[in-house]
Amino acid sequence: MAEPRVSSSIDGTLAEEFAVPSHVEEVKEKMAAFAGLHAAAGRRVVLVTSGGTKVPLESRTVRFLDNFSSGRRGAASAEYFMDSGYAVVFLHRHRSLYPYARMFPGTDLLDGLRLRGGDGAAGDPADVLVDRRLLPNVGKVLRRYQEVKDGKLLLPVEFSTLSEYLHLLKAAAQALSTIGATAMFYLAAAVSDFYIPASEMPEHKIQSSNGPLQLSMKMVPKILSPLVKDWAPQAFVTSFKLETDAAILLERARRALDTYRHQAVVANVLDSRRGHVVVVTPGSQAELLLSDDDVKNQVEIEQRIVSNLTSAHDRFISGQAG
Ligand code: PMT
């Protein structure tokens, strides 16, 4: 099946059919200031998108369509980018996995902490003890988190709905365009391909008493196209290609590169995504695979992906300078 045709007026479609979040201009200014600050310090900046988008079926939303993504890929990658010297704008789905915190999900955290002495109430302070079996490496993770905070290396920006994602991505692209080739886009979010335009959406909860539900949804414009051509034309752009059928994956990844003319596609199959990906560029194809030893040593595939892409970004920047 061919990639859907790219709309010639995506800006118009965005403005007319996807509600603009009220805080978009404020967030754009913050992102531009963040990019400017780090670029002035000689640091590269990557925009990492992470998590799935939500598409409402009613304007007073009770039901919605969601895209699968835990946010693990984005959160882990953000950490490895910062370890590689990048500053990160982390455009993520509300409540999806978050850098560093991802290692200690809620119940692990509460089970892994105990009070000693006092009862923890005001006026009766207690020490908090850490159970290191349940919270391994917590000191190391906390130290790194604090370094990242002190260095202002991470700018978190949240979205929930598809509309928020699209407008915030556009704002981020425009904000980062000021730093040219030193900006990277790493589009790991799982973005809906379908939506119901505001003008066609029922206001109130759809009634089940009306019988089975039939939906007609429109195609979401492929946002990669204006991103690469208009919003941040000098940046290094990496998209992701997710399939459930391995047989069509690489052909789809190549087709995306041919269509959008960006720098790299990370191709992955849903079931094997945590141990195997292929990084496809116009002139190369690198298979990244975790061995049994890697898994035993808790090596994460995101470390390999980020290492591959930061090297490609080096070459991209050198190529622009030469
Ligand atoms: O979060 P995890 O659980 O760790 O899972 C990680 C992941 C599987 C979600 C991630 O590795 C991944 O593959 N993310 C992209 C999923 C996806 O939306 O693939 P796609 O083939 O539908 O889209 C391809 C690319 O087009 C994506 O980079 C997307 O950002 C972009 N896109 C999609 C829709 C749209 N309207 N415009 C776009 O530009």
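In listed order, ligands and their atoms are each counted from 1.
- A ring-ring contact (aromatic ring centres under 6.0 Å, His included) check over residues 209-239, counting only residues at least two apart or in different chains, returns the pairs Phe236-His313, Phe236-Phe316.
- The aromatic ring centroids of His167 and Phe18 lie 6.0 Å or more from each other.
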Run Asp127 and Arg116 through salt bridge (charged side-chain N to carboxylate O under 4.0 Å, His left out) and show every step you take. CA-CA 5 Å; Asp127 286 337; Arg116 183 179 60 184; 3.4 Å; yes
request  = Start with the C-alpha distance between Arg73 and Asn268, add both sets of side-chain angles, then the distance that settles side-chain hydrogen bond (donor to acceptor under 3.5 Å, both in side chains), and finish with yes or no.
outcome  = CA-CA 11 Å; Arg73 173 83 85 223; Asn268 55 175; 2.8 Å; yes
query = Would Asp66 and Arg93 satisfy salt bridge (charged side-chain N to carboxylate O under 4.0 Å, His left out), going step by step from the backbone distance to the final call?
reply = CA-CA 11 Å; Asp66 212 343; Arg93 165 78 174 268; 3.0 Å; yes
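- Taking a heavy-atom cut-off of under 4.0 Å, ligand 1 is surrounded by Phe68, Ser69, Ser70, Gly71, Arg72, Arg73, Leu187, Ala188, Ala189, Ala190, Val191, Ser192, Asp193, Val220, Pro221, Lys222, Ile223, Leu224, Ser239, Phe240, Lys241, Leu242, Asn268, Arg273.
- Remark: Lys218 fails to qualify as a cation-pi partner of Tyr195 under the 6.0 Å distance and 45° angle criteria applied to the six-membered ring.
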